[in-house]
Novice: 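What follows is a single structure, and I will ask about it in a moment.
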Amino acid sequence: MAVLLLALAGTAGDGWATDAPTLAARHGFAPSIVGFLLFDAADGRVLDQHRADEPFIPASTTKITTALAALEILGADFRFTTTLLATGPIEDGTLRGDLYLRGGGDPTLSTDDLRALAAELRRAGVKRVAGAFHFDESLYPRSGEIDLLQPEAAPYNPAVSALSVNYNRIELRWQRAPGARGFTTRVLSPADGGAIALRGIGSGALDGELDPRIEFVFAPTPAPRWLLSPRLAAKGSTLLPVKGDPGPVAAELFATLAAQVGIELDAPSRGAVPPDAREVARHDSAPLPAVATGLLRYSNNLTAELTGLAASRQLAGTGLALEASGRRLAAWWQDRLPDTSFAGFVASNHSGLSSTTRHSPRQLAAMLRYGYAGGTSGTRLPELLHARERAAPGAGDQDDGDGRREDAGVRAKSGTLLYADGLVGFLTTRRGRELGFAILLTDPDARARLDASRDVRVTSSPPEATDWTARAKALERELVARWRDDG
């Protein structure tokens, strides 16, 4: 692809220049809080811009950079694979060796996929495993959570492992009998046909008085469990993340599912697959373009991290930790876009769930332009993006999911962190012209104060931060509407 098509430079085109200070003031912001760039999708010509070279916190808009890079590096035919491997022969229904569940970094692996693996093992003639049952998550270094500064009970901030199931989220149900202090609890894994009880995560009650905003606290030792505040309602349920070490949780779930189809397994233990092990069952994910489409629509953070880790492993020849993986893909982008300055560009991970990540509107716009043309993978970014308008303000640091009013004229990825917001993608003007845009807002001082004072046991957000998000989204809507009408 010619570099000329990817260059995004110059001044705003005639008739497009936005009075950014007035726009920002109308929504209660200083002009320095806002940056944007609008360009013609066909020829890359810049039409409107403000602080386009300043680094901002991109939040979940960085998932676009992850999805595009992964498609280019891994290819459109790539699938994530989870495998069962065995040592020793199968004789009279008994596997006379060890069984290994090896994670391939599949971000979409579900309880039902594990159930299908167990059924395939049963069809292979296995009723009993004489040896040990191991799980292998060694494809990538494990991360206990995506970002240390995020609320620990937030479902969007789980642990990251090559063996992850159900996006590393569990359902906790609780009930308290009248007059009782403690709760009766159940920890469940969602599945078609009914949730499955999980043995790998426990639960209990918090002791002593705590900040009333604290509802759940994760205790990693002596065994991983979630502790419940006595202030909770007498009955309820919630989604919580799998923290720390997801491999044993997935392996325990597989053992439960294997028992349902008549296969006896010992308690799982961690172990690397030996070279002489043979594959006895496998599950392949959907092709990467389908995974990427889901990633950009539902903005799941674990999907972004595992997709980025797969791409960086392909480049580096080995699994990398999240931050190193983010740097590796950033370097790949810099090689791909040599005419774009990457000054100030920081990629702390692949999901954007970080207040230390920084992208400029011009950098994101250059990546949009690359994706619009289809890169070398042939998968065009507009085809991956979901038609949408902006959602109502979120509750805090979270990935933006589905549930918006659709607008076929705007295909974009949004992103929200407290004191950082963005909207990046493509729009079709009233006259039918296709334009690309990147809008980012960040209040770095307010975010730094939040990070310095935050208690990660608290999931609720300060009202002033929620108001900031509402105003940021209103500004983005106004700017996009103006561009659509002016074109």
Side-chain angles (χ1 to χ4, degrees), residues 1-12 35-76 288 292 295-296 304 307-308 310-312 314-316 324-352 357-385 412-413 415 422-426 434-440:
M1 180 182 302
V3 172
L4 177 63
L5 294 178
L6 304 178
L8 286 161
T11 57
F36 56 78
L37 189 145
L38 176 74
F39 65 96
D40 188 296
D43 61 21
R45 184 165 59 95
V46 174
L47 304 173
D48 198 2
Q49 61 180 316
H50 172 71
R51 296 179 66 83
D53 296 302
E54 294 297 317
F56 293 83
I57 298 174
S60 282
T61 66
T62 202
K63 291 181 172 73
I64 285 180
T65 76
T66 300
L68 285 175
L71 283 165
E72 290 285 282
I73 295 164
L74 299 170
L288 186 57
L295 166 60
L296 296 180
T307 300
S312 69
Q314 179 69 20
L315 294 172
S325 183
R327 290 195 301 269
R328 186 65 186 85
L329 287 199
W332 180 89
W333 271 116
Q334 191 163 2
D335 290 341
R336 269 292 189 272
L337 302 174
D339 283 4
T340 299
S341 171
F342 276 76
F345 189 92
V346 178
S348 300
N349 55 35
H350 301 295
S351 65
T357 291
R358 295 289 187 277
H359 303 344
S360 75
R362 195 179 309 278
Q363 290 159 352
L364 282 173
M367 297 176 192
L368 286 177
R369 178 74 184 113
Y370 187 91
Y372 179 83
T376 59
S377 72
T379 304
R380 298 180 65 249
L381 178 58
E383 298 166 1
L384 300 176
L385 288 169
K413 178 73 192 77
L423 186 65
V424 175
F426 301 93
E434 194 162 12
L435 310 177
F437 65 91
I439 308 170
L440 297 175

Novice: OG1 of Thr307 to CG of Leu288: how many Å apart, nearest 0.5 Å?
Specialist: 6.5 Å

Novice: For the side chain of Thr66 and the backbone of His350, is there at least one donor-acceptor N/O pair under 3.5 Å apart?
Specialist: yes

Novice: Has the side chain of Arg327 got a donor or acceptor atom that lies under 3.5 Å from a matching backbone atom of Ala347?
Specialist: no

Novice: Minimum heavy-atom separation for Ala67 to Ala292, with atom names?
Specialist: CB-CB, 4.2 Å

Novice: Are side-chain heavy atoms of Leu381 and Ile64 found at a separation under 4.5 Å?
Specialist: yes

Novice: Please confirm whether Arg380 makes a cation-pi placement over Tyr372, using NZ or CZ under 6.0 Å from the six-membered ring centre and within 45° of the ring normal.
Specialist: yes

Novice: Going from CG on Leu435 to CG on Asp40, what distance comes out if it is rounded to the nearest 0.5 angstrom?
Specialist: 6.0 Å

Novice: Among all residues two or more places apart in sequence or in another chain, which pass the ring-ring contact (aromatic ring centres under 6.0 Å, His included) test with Trp333?
Specialist: Tyr370

Novice: Within a strict 4.5 Å, meaning less than it, do heavy atoms of the Val346 and Pro55 side chains meet?
Specialist: no

Novice: Quick check: do Thr65 and Leu329 have side-chain heavy atoms less than 4.5 Å from each other?
Specialist: no

Novice: Please tell me whether His359 and Phe345 form a close aromatic pair, meaning their ring centres lie under 6.0 Å apart.
Specialist: yes

Novice: Evaluate the side-chain proximity of Pro361 to Arg51: yes if any heavy-atom separation is below 4.5 Å, no if none is.
Specialist: no

Novice: Using a 3.5 Å distance criterion without hydrogens, assess whether the side chain of Arg369 forms a donor-acceptor pair with backbone atoms of Ala42.
Specialist: yes

Novice: Nearest 0.5 Å, what's the CZ-CD distance between Phe36 and Gln49?
Specialist: 8.5 Å

Novice: Given side chains that start at C-beta, do those of Leu337 and Gln363 come closer than 4.5 Å, heavy atoms only?
Specialist: no

Novice: Between CG of Leu423 and CZ of Phe437, what distance do you get to the nearest 0.5 Å?
Specialist: 4.0 Å

Novice: With a 3.5 Å distance limit and no angle check, can you tell me whether Asn349 reaches the backbone of Gly352 through a side-chain donor-acceptor pair?
Specialist: yes

Novice: Looking at side-chain heavy atoms only, is the closest gap between Leu384 and Leu71 below 4.5 Å?
Specialist: yes

